Amino acid sequence: MGILRVSELKKDFSGLEVLVGVEFEVGQREKLAIIGPNGAGKTTLFNIISGKFPPTSGEVIFKGENINALPPHARARQGMARSFQITNLFQKLSVLDNVLAGVRSRRGMRHGMFHEPLRDHQLVAECETLLERVGLLDLRDTPVQELAYGQQRALELGVTLALEPELILLDEPTAGMSRQETEEATSMIKRVTESIACVIIEHDMNVVFSLADRIAVLHYGVILACGQPEEIRCDQRVKDAYLGEEES
Amino acid sequence: MSDLAVFFLHGLAYAGLLFLVSSGLTLVFGMMNVLNFAHASFYMLGAYFAMAIAVYTGQFWLTLAVAPLALLVIGAVVERFLLRKVHVLGHVHELLLTFGLAYIIQEGVKWIWGNNPQAINVSGLLASTVHLGGIVYPVYRLFIFALSALLGLGMALVIYKTRIGIIVRAAVNDSAMVNALGINVPYVFMGVFAVGAALSGLAGATAGPLLGVFPGMAGAILVDAFVVIVVGGMGSLGGAVLASFIIGQLQSFGVLLFPDFSLALIYMLMALVLVLKPEGLFGEKS
Amino acid sequence: MKTLRPRTLALVGGALLVLLAAPKLLPVYQLRLVTEAIIFALYAVSYNLLLGYAGLLSFGHAMFFGVGAFATAVALNHIAGLSLLSAMGLALLTTLLVGLTVGFLLLRVKGTPFSLLTLAFNALFLAIGVKWHTVTGGDDGLSLSAPKLHLGLGVLDPSNGPDIYYLTLVILGGALLFCWRFTRTAMGHSVLLLRENEERMRFLGYNTNVTRLILFVFTGVLAGLAGSFYTLLNAFVSLDAVSIDMTTKVLLMTYLGGTAAFLGPVLGAFFYTYVQDYLSNLTDNWPLIMGLIFIVMVLFAPGGLSGLGKDLAARLKRATTAD
């Protein structure tokens with residue numbers, strides 16, 4: 001059984017149908033890439049899966065349970081984490097504090113009034129291990145707002161991983177990066193998400209083909225095609241949809 | 001029966017004042033996302049200016065023209081030289097600035113005019129009463145309601161029928177977009193802020209003869225105006241009309257039915273709206 | 001962990017010594033002023049946990065201060081034989097309940113509506129104070145004679161200047177230390193997350209409504225504790241304690257001192273208390289001057305006095321290194 005299943009998902013914003021019956025399933029440890037032109041509803045889909053807003057109809061099944069009614073924080077606690085397309089961090093806090101926010105949450109140290117996280121060597125060590133994995137250990141005391149863009153993206157991933165999720169939703173993890181940065185980021189994502197299921201929204205086809213086990217094409221609110229990367233590469237409907245898009 | 005009619009009319013008069021104060025407040029909030037804590041202080045200044053003019057000239061009608069004009073200028077200056085300056089510091093500083101202004105106006109008024117309540121006298125027709133189907137009712141309260149209803153209609157006409165109105169409504173919805181269309185949005189902000197201040201000043205000038213002029217009058221109407229925009233929905237003019245009417249009537253009948261708890265009624269309404277529809281009756285979900 | 005440098009240690013030790021010796025050094029009136037400043041320091045620090053740390057602008061902090069102040073007086077006046085500490089305990093419990101109730105309603109709104117509603121609720125509590133004459137004394141206020149506090153070593157009499165000073169110093173000093181430590185706890189960290197990015201926090205598994213409620217109640221109880229001491233110091237409580245002016249006061253103190261540093265509001269509380277004392281001898285319109293100082297600060301020195309101090313220190317450092 002898969003970790004995430006989305007069925008008959010519909011969403012309209014005051015009459016505008018953004019999703020019209022989206023269905024797919026993600027297996028354990030599987031990497032599913034969702035591609036599609038701008039306005040296809042990809043980010044809306046993420047917002048519904050992660051609980052930012054509810055679907056108009058349809059179901060989100062996570063680990064075998066319908067989670068439609070769960071708020072975002074409850075989904076995060078059940079093992080679902082997401083990153084954001086536009087870097088969405090705690091800008092004035094240090095790199096360490098950002099990762100610590102995730103680690104504390106996972107360990108249930110959210111509101112303790114007697115425990116001092118920075119004095120907990122084990123906790124700090126855990127954060128440092130995580131920072132090492134995303135290559136930011138040297139910058140642990142730097143405020144986020146002073147980081148370079150690529151470093152912020154890496155931290156975005158680090159904070160998401162701090163939850164030790166079973167499923168990660170990555171929203172355009174390489175958006176706005178140079179070619180070299182993109183390559184580095186891709187290999188890092190590959191490394192750190194080895195044992196985790198992933199849903200990735202991505203425009204860069206190189207990234208998609210090097211990360212994804214399966215690809216789903218979202219086009220004007222419906223899944224046009226879903227399959228192995230090779231199938232998708234050869235699918236005539238996908239070619240039409242994409243070519244049509246590029247011509248216009 | 002006639003008692004009820006009297007209290008209903010009282011409620012209408014107060015609703016008129018509330019609308020004049022809260023309409024500017026809610027429009028400015030809708031456009032600039034700034035809640036002006038000094039808005040009710042403009043109302044109080046309007047009342048004090050009116051009193052000063054009435055004392056010097058004895059002309060009540062003159063006060064209704066001069067007080068709003070003075071507030072128009074003050075509003076424009078506050079927006080242009082104070083509020084706009086702290087905009088870059090962020091939201092909290094904008095609120096702090098307007099709160100500080102309210103405090104200064106409060107203390108300034110005490111310094112200039114003292115703590116004692118003062119009165120504005122009206123004469124002639126406005127001081128008389130009329131017979132309305134069995135009840136005798138003061139003309140002045142009817143005048144307040146008529147004046148605010150007239151201004152409300154005027155506002156509706158400007159906002160829904162003119163080009164300026166279209167720009168203002170668009171700026172409430174999406175100021176970035178309007179800016180992109182080549183319209184000078186800061187200028188529109190200043191204009192609406194100033195007109196809002198003038199309306200509030202006019203409300204103060206008309207309230208003076210009815211409620212008296214005293215340093216606590218800003219605080220008294222500020223809370224009611226806040227309740228109006230919370231209940232009506234922040235940024236909604238239609239909401240301000242409906243909520244002003246409701247609060248006006250609650251206030252009036254509250255005093256009649258539960259003299260000690262009239263304020264509690266208003267808070268209960270607000271709490272109810274907060275629990276059931278936090279964005280307000282006419283508000284949009286953010 | 002950083003170890004304290006000898007110089008810091010000497011400074012802290014010296015300050016403690018001065019504070020302990022103050023009753024011997026200062027005349028009665030000056031001692032009273034220091035006591036009041038310590039009370040307002042706690043009030044302002046609790047307020048800054050909302051404003052500076054969480055980025056929540058409340059215009060209703062006086063409702064907690066006032067409830068703490070009135071609850072202390074009412075408890076001592078109506079319950080015969082109640083000890084001083086139990087009265088304070090009851091006052092804190094009352095503010096806790098008030099915080100939970102108001103906080104529950106305020107959870108639903110953020111940003112400007114939050115600020116607006118805190119002011120509205122403050123106005124409600126003031127109105128209750130005015131109308132509920134039989135309990136609060138209405139416009140007349142309440143007098144009280146606080147019972148002596150029996151400790152193992154001796155007896156403290158709250159109506160005696162040095163005694164109330166020491167009591168304030170120990171309990172409120174302790175509360176201030178607790179606040180300082182609070183900023184380093186898990187909850188303290190979460191408060192900063194709240195200010196920086198509440199949305200991301202939710203997607204990391206934090207129920208931010210809980211975070212805000214805990215903070216609101218916690219700071220409310222601290223303000224209530226300050227209010228309780230305010231009543232004891234004056235042996236009297238009036239509607240002034242729950243008025244909008246009392247909210248404005250804490251806002252001004254906190255902002256004038258600076259919201260970016262923990263000690264900013266402490267500085268602000270002492271600054272305000274002494275400036276008020278000085279100005280009120282010169283003119284009845286001292287609040288106007290205070291308001292003007294505030295506006296000038298908002299416009300030109302948003303970091304407050306502690307921010308100005310930091311700038312100055314940085315400039316001096318640059319000047320000396322340039323030489």
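Just so it is clear: chains get the letters A, B, ... in the order the sequence lines come, proteins before strands, and each one is counted from 1. All values derive from a computational prediction rather than experimental measurement.
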Report summary line: What one should report as the nearest heavy-atom pair of Ile295(C) and Gly100(B) is CD1-C, 3.6 Å
Report task. Check the angle between the aromatic planes of Phe121(C) and Tyr267(B) and answer parallel, tilted or perpendicular using the 30° and 60° thresholds. Result -> tilted
Requested in this report: Could you look at Leu292(C) and say if it's the side chain, the backbone, both or neither that has a heavy atom under 4.5 Å from chain B?
Outcome: both
Query raised in the report: Does any heavy atom of chain B fall under 4.5 Å from the side chain of Leu252(C), the backbone, both, or neither of them?
Result: side chain
**Report entry** Contact class of Leu56(C) relative to chain B, heavy atoms under 4.5 angstrom
**Finding:** neither
Query raised in the report: Is it true that Phe59(C) and Phe99(B) have ring centroids separated by less than 6.0 Å?
Result: yes
**Report entry** Atom group of Val92(B) that falls short of 4.5 Å from chain C, counting heavy atoms
**Finding:** both
Query raised in the report: Where does Leu101(B) contact chain C at under 4.5 Å (heavy atoms): side chain, backbone, both or neither?
Result: both
Query raised in the report: Considering all heavy atoms of both residues, which atom of Ser115(C) and which atom of Leu95(B) are nearest to each other, and what is their separation?
Result: OG-CD1, 3.6 Å
**Report entry** Reported CG-to-CE distance for the pair Leu124(C) and Met268(B), which is rounded to 0.5 angstrom
**Finding:** 11.0 Å
Report task. Specify the closest pair of heavy atoms between His93(B) and Val298(C), including all atoms of both residues, with the distance to one decimal. Result -> O-CG1, 4.0 Å
Query - Flag if over 12 foreign heavy atoms under 6.0 Å of OH, Tyr274(C) - result: yes
Report task. Pick one of side chain, backbone, both or neither for Ile289(C), based on which atoms fall under 4.5 Å of a heavy atom in chain B. Result -> neither
Report task. Identify which part of Leu117(C) has an atom lying under 4.5 Å from any heavy atom of chain B, answering side chain, backbone, both or neither. Result -> side chain
Requested in this report: Determine the minimum heavy-atom distance between Leu288(C) and Gly108(B), stating which atoms define it.
Outcome: CD1-N, 3.6 Å
**Report entry** Contact class of Ile229(B) relative to chain C, heavy atoms under 4.5 angstrom
**Finding:** side chain
**Report entry** When Ile244(C), Leu57(C), Thr112(C), Leu105(C) are compared by non-hydrogen pairs under 4.5 Å with chain B, the top option
**Finding:** Thr112(C)
Query - Whether over 12 other heavy atoms sit under 6.0 Å from Trp111(B) CH2 - result: no
Query raised in the report: Looking at Thr283(C), Leu251(C), Leu106(C), Val109(C), which one has more heavy-atom pairs under 4.5 Å with chain B than the rest?
Result: Leu251(C)
Query raised in the report: Can you tell me how far CZ of Phe226(B) sits from CG of Leu119(C), rounded to the nearest 0.5 angstrom?
Result: 6.0 Å
Report task. Determine the option with the most heavy-atom pairs under 4.5 angstrom with chain C, choosing from Ile104(B), Val227(B), Asp224(B). Result -> Ile104(B)
Query raised in the report: Roughly how far, to the nearest 0.5 Å, is the CD atom of Glu107(B) from the CG atom of Asp284(C)?
Result: 11.0 Å
Query raised in the report: Considering residues, nucleotides and ligands other than Asp311(C), do more than 12 of their heavy atoms fall under 6.0 Å from its CG?
Result: yes
Query raised in the report: About how many Å separate CG of Leu25(B) and CG of Leu116(C), when rounded to the nearest 0.5 Å?
Result: 8.0 Å
Requested in this report: Answer with side chain, backbone, both or neither: which region of His91(B) has an atom nearer than 4.5 Å to a non-hydrogen atom of chain C?
Outcome: side chain
**Report entry** chain C contact via Leu96(B) - side chain, backbone, both or neither, heavy atoms under 4.5 Å
**Finding:** both
